[in-house]
Each structure stands twice: as structure tokens, then as C-alpha cells.
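Numbers here simply count residues along the sequence, with the first being 1. Note that this is a predicted model, so its numbers are computed, not measured.
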Amino acid sequence: MAPPPVLKDIALKRLVLAYDHGQGATGFRVEADVDFPLGGLDAGLDVKVSLSKSGESQTYDQEYEARLVLGVPRQGGGDDTVRTLTFDIKDVQHAEFSAVCEDSKGVSFADLAGLLGVTDPPAFLAGPAVSGLTVGYASARKSIVLAAREKGGGSLVVSPAS
């Protein structure tokens, strides 16, 4: 039996299903690591989800964590044609999360625009190189924070006024 077309290029690297039932605690955990093509990029996704209940509580504590690793071709090619961008997402319970992207070599805004599907980004985006990018969201405060760290040492934080 052939897998559905949407699954044909997904390579499952690791799958963990666990149920824990011990003294005063109960929990369920799922972890999966997969590789797959994402548009023209090579991607890897690691996901961890756990639910745990302590004592007589009728509710479960939830923990979610994910890491997306993308191989991004540089605009214009060159000797170092593929950059690796890593996005870590944690603390998504309570509709709050942060995503962090790191690249020690620095990524231009043109490379990031290409990652988002912009085929011909403006030339002025090719200059600044970002080595770290963080996006945070909190639904209770209805706020988004964006922080960028420049390869040369500068930084920028953008947050809405309270």
C-alpha cells in the first residue's frame, strides 16, 4: 500500500509514544523527528508534546516544543550556498510562544525574504546580516515582540506601545 502523496517525501527519523503512570502522577508523551522537503528547501522538524497530571487534579499540564531546521540557499549562490536556519518554539501553552532563529554566519534580509517566497527581493535587503532573530507573542497582552541581532554586534527590538 502506497502512502498518501502528502506523506511520500517525509522521512520519519524517530517516534516516541509513552504513557507514564506512577505514584501520584500520570502522563502521556509524544515525540517525533522527521525530514521533509519544504518548497525547494530541505527541512527537519522535531516535535515534543507532553500531558501530565499530578495527584487528584482533573486537568493536565501541557508542554509543547518544536524545532524546525531549514537549509536555505543564499541569494546569488557562491562558495557557501546553503545556510542552516534553526527555529525553536517553546511555551505555546496559554497562547504564548517565542520563535528563535540563529545563524552564526549571519543571514541577509534578502535570504530571509527568499525563504518567505520573495523571488526578487530589493537590493537594499542584501546588506545587513542578521545572526539572531526572535519573535514573541502573548495573546493575553495581544502583543508581538521582534528582536534582531546584527552579525556585527548591533541589535534592534520592536515592540508595540502599551
| field | Residues which pass side-chain contact (heavy atoms from CB on, under 4.5 Å) with Y60, listed by chain and number, not counting sequence neighbours | value | L51, K53

| field | Partners passing side-chain contact (heavy atoms from CB on, under 4.5 Å) against V49 (at least two apart in sequence or in another chain) | value | V47, Y64

Distance, nearest 0.5 Å, that separates [atom1] of [X] from [atom2] of [Y]:
X: I10; Y: F36; atom1: CD1; atom2: CZ; result: 7.0 Å
X: D20; Y: F28; atom1: CG; atom2: CZ; result: 10.0 Å
X: S50; Y: Q62; atom1: OG; atom2: CD; result: 9.0 Å
X: L45; Y: L70; atom1: CG; atom2: CG; result: 9.5 Å

| message | If hydrophobic clusters are built from ILVMFWY residues whose side chains come within less than 4.5 Å, do V69 and V34 share one? | response | no

| task | Just grab all the salt bridge (charged side-chain N to carboxylate O under 4.0 Å, His left out) pairs involving residues 35-48, residues at least two apart or on different chains. | result | K13-D35

| Check ion pair E31-R29 (N to O, under 4.0 angstrom) | yes

